[in-house]
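For reference, the structure discussed in these notes is given below.
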Amino acid sequence: MTDFLQQLIIGLRLGSVYALVALGYTMVYGIIRLINFAHGDFIMVGGYTLYFTVPILLHSMGLPAWTGVLAAIVICALVGVVVELVAYRPVRRKGTSMSALITAIAMSLLLENLAQAIPAMGPNPRVISDEIFSTAPISIGGVSVNMAAVVTIIISLPCHIPGPTLPQVSFSQAFIIGAVVMAALQLFVQKTKLGRAMRAVSENKEASTLVGINVNRTIVTTFAIGSGLAAVAALMYCAQYHTVTTTMGSMLGLKAFVAAVMGGIGLIPGAMLGGIVVGIIEALVTAYISSSLANAVVFLILIVMLLVKPAGILGKNVGEKV
């Protein structure tokens, strides 16, 4: 029972990272109906940003290591906006949905190979030697849970959930960051003028233009927010594995895509649900069947879901009017 609980916690932590990445897929797809396969590589950009900024912040400036996520969010948001302006917007104007999809795959490969060509990054893995969340693990029912896992799960949730009261300041700071990130996202989408514009554009771009909504600005904002979430996912990933590679976002992005499709792509709750489910399944398959089959099972889930319920767990099949 203890071993199962341990695997369940591992699955929740891994699934929470998938959920954060899937949110980026979902936000972009909900606005422009594009599967942004370059989104996984934004995590790589965030990871390398952390690799360069964490030692400076921690050792030179005396700040907590996790504050490097602020720089990662800015850099990832800028990369996301540049990709939208340079690659996706021209294709939306002159191309088709198929050419947009091909462009997304090309941008993913471009970002990976560009990172390998930069000497400071290169093809070899880079290790973040410092602990990002330097707090003692918590023991729950005989299972040891480190703070990186706890914070990862908290950040992926859409609201503030009370946790154990701990004296460590770094955990409190990380907890606040997680609660603020997701609470701010929910409030932004539901309450602000720009958030309402995002929901309007997702429903009908032409009608949104008629009522005075700047569709292009709304799309750019969506890319910036989704890319920023990829930076937070990079923080959670690096807090667990401490290794950054130019291809780290490829498989992570594909699994997050599976999570988005499983939960219902275009739906924020669906992205979070799908991420958690995929993470738990992968952890259980790795522990009790075979680690070499974990990826195969994840993609098998995608095939089954597309056959059984193409709209996802929370999605609804909508007939097309003719």
Side-chain angles (χ1 to χ4, degrees), residues 8-26 39-51 53-54 57-58 64-77 126-135 137-138 145-158 160-161 163 170-185 225-245 248-257 259-260 271-280 282-283:
L8 188 63
I9 292 172
I10 292 173
L12 285 172
R13 184 261 304 161
L14 187 59
S16 298
V17 176
Y18 293 155
L20 284 169
V21 184
L23 281 173
Y25 277 113
T26 288
H39 186 73
D41 295 286
F42 296 160
I43 301 172
M44 177 266 295
V45 173
Y48 275 104
T49 304
L50 291 169
Y51 170 75
T53 58
V54 165
L57 292 169
L58 188 62
W66 56 263
T67 54
V69 74
L70 299 176
I73 289 173
V74 172
I75 297 299
C76 287
R126 305 292 181 175
V127 177
I128 301 175
S129 56
D130 299 297
E131 289 292 334
I132 293 178
F133 299 109
S134 57
T135 54
I138 299 175
V145 186
N146 61 35
M147 281 299 98
V150 174
V151 175
T152 301
I153 296 170
I154 291 171
I155 286 179
S156 70
L157 299 178
H160 179 87
I161 297 179
S170 58
F171 170 68
S172 300
Q173 292 168 332
F175 185 89
I176 291 171
I177 287 176
V180 167
V181 165
M182 292 310 300
L185 178 62
I225 295 173
S227 303
L229 288 173
V232 180
L235 175 75
M236 297 300 101
Y237 182 91
C238 293
Q240 288 292 323
Y241 300 109
H242 295 273
T243 302
V244 182
T245 66
M248 63 182 287
S250 298
M251 186 58 67
L252 191 58
L254 287 174
K255 290 179 181 178
F257 171 67
M272 292 185 291
L273 175 62
I276 296 298
V277 171
V278 169
I280 291 175
E282 182 178 345

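On a predicted model such as this, the values are computed, not experimentally measured, just so you know.
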(request) Please name all residues satisfying side-chain contact (heavy atoms from CB on, under 4.5 Å) with C76, sequence neighbours left out, ordered by chain then number. (result) V45, S227, A231

(request) First locate atom CG of L23, then atom CG of L229, and finally report the distance between them rounded to the nearest 0.5 Å. (result) 6.0 Å

(request) Working to the nearest 0.5 Å, report the span between SG of C238 and CG of L50. (result) 5.0 Å

(request) Please name all residues satisfying side-chain contact (heavy atoms from CB on, under 4.5 Å) with L57, sequence neighbours left out, ordered by chain then number. (result) T53, M61, L63, T67

(message) For G46 versus A234, what's the shortest heavy-atom pair and its separation?
(response) C-CB, 3.8 Å

(message) So, using side-chain contact (heavy atoms from CB on, under 4.5 Å) as the criterion, who are the partners of A230 when residues are at least two apart?
(response) H39, F42, I43

(message) Just verifying a value: how many Å separate M236 CE and W66 CH2, rounded to the nearest 0.5 Å?
(response) 10.0 Å

(message) Among residues at least two apart in sequence or on other chains, which ones pass ring-ring contact (aromatic ring centres under 6.0 Å, His included) with Y18?
(response) none

(request) Please name the pair of heavy atoms, one in V244 and one in M248, separated by the smallest distance, quoted to 0.1 Å. (result) CG1-SD, 3.6 Å

(message) Under the rule for side chain to side chain donor-acceptor pair (under 3.5 Å), what residues qualify as partners of S250, not counting sequence neighbours?
(response) E112

(message) To the closest 0.5 Å, what do you measure between CG (L235) and CG (L70)?
(response) 9.5 Å

(message) Can you tell me how far apart OH (Y237) and CG (L20) are? Round to the nearest 0.5 Å.
(response) 14.5 Å

(message) Rounded to the nearest 0.5 Å, what separates atom OG1 in T26 from atom CZ in F257?
(response) 10.0 Å

(message) Can you list everything that forms a side-chain contact (heavy atoms from CB on, under 4.5 Å) with I280? Sequence neighbours excluded, please.
(response) L8, L12, I276, L284

(message) Please check this pair: side chain of H242 against backbone of V127, looking for a donor-acceptor N/O pair closer than 3.5 Å.
(response) no

(message) Using every non-hydrogen atom in the two residues, find where A256 and A22 come nearest and quote the distance to one decimal.
(response) O-CB, 3.5 Å

